[in-house]
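Here the structure is laid out as structure tokens; the discussion comes afterwards.
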Amino acid sequence: MFSIDLLSNALVAGLLLGGFYAAVALGLSIVFGQLDIVNIAHPAFVILGSYVVYMTNTALGWDPVLAGVLFTPLFFALGVAVYRIYYAGFERTGRESLAGLAFFFGIMFILEVVIILIYGVDYRLVEAAYIGQTLRIGIIDLPYRMLVPFITAMAMTGGIAFYLSRTFTGRAILAVSQDRLALELMGANPIRIKSLAFGIGLATAAVAGALLIIIGPVEPSFGRLYIGRVFAIVILGGMGSIKGTLLAALLIGVSESFVQTFVGPSWADAVAFSVLLLTLVVRPQGLYGRL
Amino acid sequence: MANRIVVDNVEAGYGTVQVLHGVSVTVEAGETVVLLGSNGNGKSTLINCIMGIVRPKAGAIYLEADGERFDLVGRTPAQIVDLGITLVPEGRRLFPALTVEENLMLGAFRKEARARIEQNLETCFEAFPPLRERKTQQAGSMSGGEQQMLAIGRALMSEPKVLLIDEPSVGLAPILVSRVIAKIRELKERRDLTVLMAEQNFNQAIKIADRGYIIVHGEIAFEGKSAADLQDNDMVKQYYLGV
Amino acid sequence: MRIAPFWPLAAATFVIGVAATFYFNEYYFVAGYLVLQGLIMATAWNILGGFTGYVNFGSAGFFAMGAYTSVVLYTAINPPLFVVIPAAAVVCGLLGLGAGYLTLRLRGVYFAIATLAMAIVLETLMVNWEYVGGAIGAFIITEDVPFFASYNAYLFVLMLALAIGSVALARYLNFSRIGRGLAAIRDDEVAAECAGVPTLRLKLISTTVMGAMMGVAGALYPYFVTFVEPVSAFSLIVAVNAIAMPMIGGTSTWVGPVIGALLLGSVQEWTKVNISSELNLLIVGVLLVGFVALAPQGIVGLAQKFAAWTREQREKRRGDDSATA
Amino acid sequence: MTQPLLDVQELSKHFGGFTALDQVSLHVGKGERFGLIGPNGSGKTTMINCISGALLNESGRVLFQGQDVTRLKPHQRTRLGIARSFQLPRPFSSMTVLENLCIPLEYAAKERSRLARRQEEAMAILELIGLADKAHDHSGGLTQIDMRKLELARAMAAKPDLLISDEAMAGLSGSEVDEILDRLFTLNERGVGVIMIEHVMKAVMRFSQRIVVLDAGAKIAEGTPDEIVNNPLVEKAYLGE
């Protein structure tokens, strides 16, 4: 059973999955990695993204990827609003640790329940011409429902990496959590920068949500499993390094794929969490540790 | 262009601790003025007041540029940077995980500075050749002296008219201290800056000072009209060592 | 805050609770059982979260491990409950001890995330452990017990006793030498250590007691639902309630979680029946967010503020009176 | 020769490639008033962190009353009689001033005592420090000078034989400095050895019987305040070359 065929397909499937994970973790990489805001509700926002994409797909027949992209401004605005509340209620008063955590924990829960109230607990899926088709190269299977998310995720990750390293605002986002005051001394307003960054973080959730529902059917509590994955990826990736995030995502994707293929699907969910626990205990600075 | 900074009878502190008890300082255009005194006497607090980081409880601080007067009290640091005043902070405060180049680019965040960014980058590398070699290196991995150069370079990227420098010598070996001090003079002359520098290293600071103040316990203990005036003062040791 | 004689009040509560099982119908002690379960979880969470200042997101993991300890024992030898409960306490206490060692390296959010990860890893282990039924789950067959109106009534009374015990323990910790040390750790761990407080030992005590108490809350769960499977045992709602109840009640004393649990638990049971179970979850979420944002000291804090305000008003009025007189 | 209260032998500490302390030795006698000074970044804070146990040194030993405490945890050292105050006050902010003192009175004490007894002792210390009227105030809302006093009072409540006062006077006004200095003299008269780390030179010079000067992680001078003031190396360290 340990054939080349199986091995290479598991590897490719893992890479495709990992690429998609990068899209899910990207927003958290900015929000948690750069801003030190523990948005534990990030996966819940991704699920919200899945459902708005589902809505436009069934009602208007929009392509899921396109819908995800079109919803980014709305999610951006939502992100700015959430950050403003968080800032006013917690960050400014210095209560971010315990109370801030509970705040996002509550938001996660509310999002999940609101979706259940509207759509119920059943699995939902989207339709597009390419879903269900598979590209075959030699012995390698490349199902489009994985390939499209992978390509979109790579494009988005590349775009964000470019934005962060090549624009003034992007660099300011990278700098804001390293030294807030120093950034202010450069003439930037840290609160504005953080609002922007949080907005961008949530905007990526709209696209990630679209990708999630292309890969397979989604139900409201799906986000919980992703909490471990995204935090494992961000922490393993070295808190906010985009390169690290991508690498960690691919690593987790491949590990899960291998465990799924060679050990059993029921163990796959624990992979990310085990990696997370190990990383936290053994090497908290991750692969690409921030200084 | 005439840029003059006036600090008038400022009282300030942190929380309930008052650090400055009525301090007045002026920096005329084109001057290098030094704030002297050992640590914990209020030099940094004064600099922080000018920069808008600490808000004075009483007194006025203003910038006079081309006959116009800008009140600095109540402005945010970002707004003060926009007026052309930039600080090289104590402890350098670089962005350690960003590269040298990214640090420099962040220095040019201010709108007016973005237009001549290439030019300023070039000047910066000319002044500090090691920075060019280490362009892609993480700022936090450099030696103390290089970090101090980067901090000064980053401040210059914003094209300031007035440069505030807080304790450039902290944590540097003596040989580097004199090099950094000499560099500050060189840049000041080349860029036609007005400089206010807080420095505990007395003998190094007066090498480049036009004038200076000794701050003891939040008050101006001595005002030296010239470098010689400071140097020949028998009281200096007393102020420093508390005898 | 000391509320009038604790032990007489506790004894009276217990007697009334036992008596009630003979007069009310099944529904009330099923609901009551769930409220008490929440109360124990909240009290346990608060020993670490409120007294010591470490947030545990993995409460569901401790709860479920208590439940699975019961399942294992039931499958192996089916011992009486007075054996099952201490066994669950020991297993989960050890788990808590392990989590305590995490505090050596992890502070704040990292500790919180690690506890969440721990819960999911445990869940996967249970899903894959055939002996306890794996993903499918395991049945527990209960037998009628003498004296009590029904098995659920019996469980309710047991739970009531455990809840009173848990609250008494939390109250003891709150006001004891240990509790004062924990408060010092919560306020400033470094300063506490320098004041002579053995911080590691106290944190280990705190996490162990928390774990054991949560295990106890979970131990009866299989007997209550008679069927255990991982998804419901590790349910997020258990973890959310364990946080929401203390946050709503107030985290600084033992009273807060009790008030929060009684209030939130009752509201939940009421909405579940009268409106819908989804809405009941929404209420938990909204209350949690609302309280942490607007009333960080919880109901206890609001009550204290109100008491201070009325006292002030009264003094002011007295001042006005004497001025006019 | 009588054995010193504190005997630090050839202590070294590195952070990454940075040498914070390089084989520094010093000793403090019973009931001595000892000053530790040096420019910023000279290693003073590292030194007291190693003495109090917040940091573990790589080489060298710390002996306290003849006992090797090099590997002991901070709370164990506190129980043996080394107490410190913090430069930036770190009160237990949910507690009253009195309760703050009761923590070390309970935890650093060699034997258990009753609550009433501890409160009495705490009040006595607060009287001494001049905080008695604020005993029931919340410690989070104190003024800066009172926070400094609370730091000293809480350190005293551990009933130390050696008190490390870490910049207790930074940012205080002249009269406030005198006030804190007075308290330290009073404590010292009761037989407590004091290590004073301070930037306020006037205070160190007035207080200390003996001073050690650190610069760049090494001991450059040791002597009476007069000797220190007239030491050219010290002048160089402070005024620059």
Side-chain angles (χ1 to χ4, degrees), chain A residues 32 36-38 40 85-86 88-90 93 95-118 120-121 220-221 223-225 227-229 231-232 234-235 263-282 284, chain C residues 49-50 53-55 57 101-102 104-128 134-135 186 230-231 234-237 239-241 243-244 246-247 251 276-294 296:
Chain A
F32 180 49
D36 286 328
I37 299 172
V38 198
I40 200 162
I85 295 171
Y86 175 75
F90 304 96
T93 49
R95 303 191 296 126
E96 58 260 58
S97 55
L98 197 147
L101 265 176
F103 171 73
F104 283 114
F105 203 56
I107 297 239
M108 165 182 98
F109 208 64
I110 291 174
L111 283 173
E112 186 176 322
V113 175
V114 166
I115 294 173
I116 293 178
L117 282 174
I118 301 173
V121 293
S221 71
R224 296 177 200 166
L225 281 178
I227 295 174
R229 288 202 184 105
F231 276 95
V234 172
I235 293 170
V263 185
S266 54
W267 288 97
D269 287 339
V271 170
F273 285 95
S274 311
V275 171
L276 175 60
L277 262 185
L278 266 175
T279 315
L280 284 176
V281 174
V282 180
Chain C
Y54 280 81
V55 176
F57 275 150
Y101 277 101
L102 287 178
L104 268 181
R105 305 205 52 162
L106 304 174
R107 298 268 152 90
V109 298
Y110 293 97
F111 176 77
I113 294 168
T115 54
L116 185 71
M118 203 163 122
I120 304 246
V121 170
L122 290 171
E123 182 175 351
T124 314
L125 287 177
M126 293 306 115
V127 166
N128 289 286
R186 177 192 60 207
V231 174
F234 286 89
S235 159
L236 187 68
I237 182 72
V240 174
N241 264 331
I243 295 175
M247 289 277 180
T251 54
S276 79
S277 63
E278 281 76 35
L279 194 73
N280 124 56
L281 299 181
L282 186 63
I283 288 169
V284 181
V286 171
L287 281 177
L288 173 58
V289 170
F291 267 92
V292 291
L294 303 173

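Values reported hereafter were calculated over all heavy atoms of this structure, with side chains retained and with hydrogens, waters and symmetry mates removed. Numbers restart at 1 for each chain; the letters A, B, ... are given by sequence-line order, proteins then strands.
Distance CD1/C:Ile237 to OG/A:Ser221: 12.5 Å, rounded to 0.5 Å. The line from CG of A:Leu101 to CG of C:Leu116 is 10.5 Å long, rounded to the nearest 0.5 Å. Once rounded to the nearest 0.5 Å, the distance linking CD1 of A:Ile107 with CG of C:Leu288 reads 9.5 Å. Atom CD of A:Glu112 is separated from atom CG of C:Leu236 by 6.5 Å, given to the nearest 0.5 angstrom.
Proximity to chain A (any heavy atom under 4.5 Å) is shown, for C:Leu281, by both the backbone and the side chain. If you measure heavy-atom distances from A:Ile85 to chain C, you find no contacts under 4.5 Å at all. Looking at A:Phe273, both its backbone and its side chain come within 4.5 Å of chain C, counting heavy atoms on both sides. Proximity to chain C is absent for every atom of A:Leu111, based on heavy atoms less than 4.5 angstrom apart. Interface residue C:Val127: only side-chain heavy atoms are found under 4.5 Å from chain A. For C:Ala114, the parts sitting under 4.5 Å from any heavy atom of chain A are the backbone and the side chain alike.
With sequence neighbours left out, the ring-ring contact (aromatic ring centres under 6.0 Å, His included) criterion links A:Phe231 to A:Phe32. A:Phe105 is linked by a ring-ring contact (aromatic ring centres under 6.0 Å, His included) to C:Phe57, counting only residues two or more places apart in sequence or in another chain.
Looking only at side-chain heavy atoms (C-beta outward), A:Phe109 and C:Val289 stay at 4.5 Å or farther from each other. With a 4.5 Å cut-off on side-chain heavy atoms, C:Ile120 and A:Ile227 do not count as touching.
Closest approach of A:Ala270 and C:Val121 over heavy atoms only: O-CG2, 4.4 Å.
Counting heavy-atom pairs closer than 4.5 Å to chain C, the top-ranked of the candidates A:Leu276, A:Ile110, A:Leu117 is A:Ile110.
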Point to revise | Residues C:Val284, A:Val113; criterion side-chain contact (heavy atoms from CB on, under 4.5 Å); working and verdict | key: CA-CA 10 Å; C:Val284 181; A:Val113 175; over 6 Å; no
